[in-house]
Protein chains: 2
Amino acid sequence: MKRAIRREPHALLPIPHVEGPDYDALDDLLGFSLRRAQIAMFVTFNEATRGLDVTPARFTALLIVGANPGIRQTVVGNVLGIARSGANALADWMESRGLAERRADKRDARAWGLYLTSRGLSLVEEMKRRIVEGERKRSASLTAGERKELLRLLRKLAG
Amino acid sequence: MKRAIRREPHALLPIPHVEGPDYDALDDLLGFSLRRAQIAMFVTFNEATRGLDVTPARFTALLIVGANPGIRQTVVGNVLGIARSGANALADWMESRGLAERRADKRDARAWGLYLTSRGLSLVEEMKRRIVEGERKRSASLTAGERKELLRLLRKLAG
DNA sequence: TATTGTTATACTCTATAACTATA
DNA sequence: TATAGTTATAGAGTATAACAATA
């Protein structure tokens, strides 16, 4: 006898603003709204890249390697704000999928340079198209000016 | 012979905008700047609440329970956007620290109502003071109008 | 001594799934 | 049959710490 399937709140859902409870100071805290907005955008990212086996960190890493051929893992890690071990795992992932190669750095025998393969280059272009389109839909309620202002304020806040 | 201590990039550091690499489309994507801004604010949160053994989720849960005495765990989970099992763990944490109590709900024998203790109430006030002050410092480069506009745009984006 | 890459390990957060008591 | 809470388990992502090779 099969048990009924019950769906839990899935991770890939935006955080709702629940009717009923008093949110107290929450709605005036940047931290809370930043988190809600970020998750909403994360949901959009996932929908846009469905089937591509990608995450924001993977996309960012591929994009950076594509724009900076020969870049070192450590620098990719710095851009992402993660430790070297994490950047290493990302490089392993890229190589295992045939999206990038490690080539010896001629100036420093300790280091590898990362280079996208043609497959990596076309994947990153496809992802970029989808993600830009996803962001366009998600921010459709914002005017072009508002979107630009939001970006400016976020960058200012990120310091 | 002791090995030299080497500091890895600590989690509690903002994501830097690295000099050198080409960021390509990254600086025009809301997702990327949202993440950088959110982490910067998370760092601020941690500095402001150092020693209080708190996380953003714990703070949010305490605040919501404080503002909504008798609220159910599931509703707290909905506000946070997490599954019931996670909300349950948060309630366990609150009780184990003497910050909240579960009391039987008279209208529904399946449910508990959550209530802050006096210790929980004073802690949440202390946290609120510190976090508001931390946000004030972090967003000092924004005018009051810019901060308000940022909040408005974030809420719009979060849907 | 410091840095690059690497590997192994541990921790945190969260979802998933199953279960119980009650609705 | 559905819902509130509970518990156990697993997975993703990341830091930490150590190490070899090179600077």
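Here is how names work: the chains are called A, B, and so on, in the same order as the sequence lines, proteins then strands, and each is numbered from 1. Keep in mind that this is a model prediction, so the values were computed, not measured.
With a 4.5 Å cut-off on side-chain heavy atoms, A:Ile82 and A:Val76 do not count as touching. For the pair B:Asp53/B:Arg58, a side-chain contact is recorded, criterion being any heavy-atom separation below 4.5 Å from C-beta on. Put simply, the side chain of A:Tyr23 does not reach to within 4.5 Å of the side chain of A:Asp28, judged on heavy atoms. The shortest distance between side-chain heavy atoms of A:Leu52 and A:Met127 falls below 4.5 Å.
Near DNA chain C, meaning a heavy atom under 4.0 Å from it, residues 67-76 of chain A has A:Arg72, A:Gln73, A:Thr74 in order of number. Less than 4.0 Å separates DNA chain C from at least one heavy atom of each of the following residues of residues 92-114 of chain B: B:Asp108, B:Ala109, B:Arg110.
In this model, a side-chain donor or acceptor of A:Ser85 finds a partner on the base of D:dT16 within 3.5 Å.
A salt bridge between A:Glu149 and A:Arg152 is present, with a side-chain N of the basic residue lying under 4.0 Å from a carboxylate O of the acidic one. A salt bridge links A:Asp24 to B:Lys128: one of the charged nitrogens lies within less than 4.0 Å of a carboxylate oxygen. With respect to A:Arg97 and A:Asp92, no salt bridge is recorded, no charged nitrogen being found less than 4.0 Å from a carboxylate O.
Look at CG on A:Leu13: it is 15 Å from C1' on C:dT16, rounded to the nearest Å. Separating the CD1 atom of B:Ile15 from the C1' atom of D:dG13 is a distance of 13 Å, rounded to the nearest angstrom. For the pair B:Leu80 CG and C:dC13 P, the computed distance is 12 Å after rounding to whole Å. We find that CZ of B:Arg58 is positioned 11 Å from C1' of C:dC13, with the value rounded to whole Å. Look at CG on B:Leu90: it is 14 Å from P on C:dT12, rounded to the nearest Å.
Comparing C:dA18, D:dA15, C:dT4 by their closest approach to the side chain of B:Arg84 singles out C:dA18.
Applying the 6.0 Å contact sphere to CZ of B:Arg36 captures more than 12 heavy atoms from other residues, nucleotides or ligands.
Annotation for A:Gly66 and A:Leu116: closest pair CA-CD1, 3.4 Å, computed over non-hydrogen atoms.
When the side-chain nitrogen and oxygen atoms of B:Asn88 are compared with OP1 and OP2 of D:dT6, one or more of them lie within a distance under 4.0 Å.
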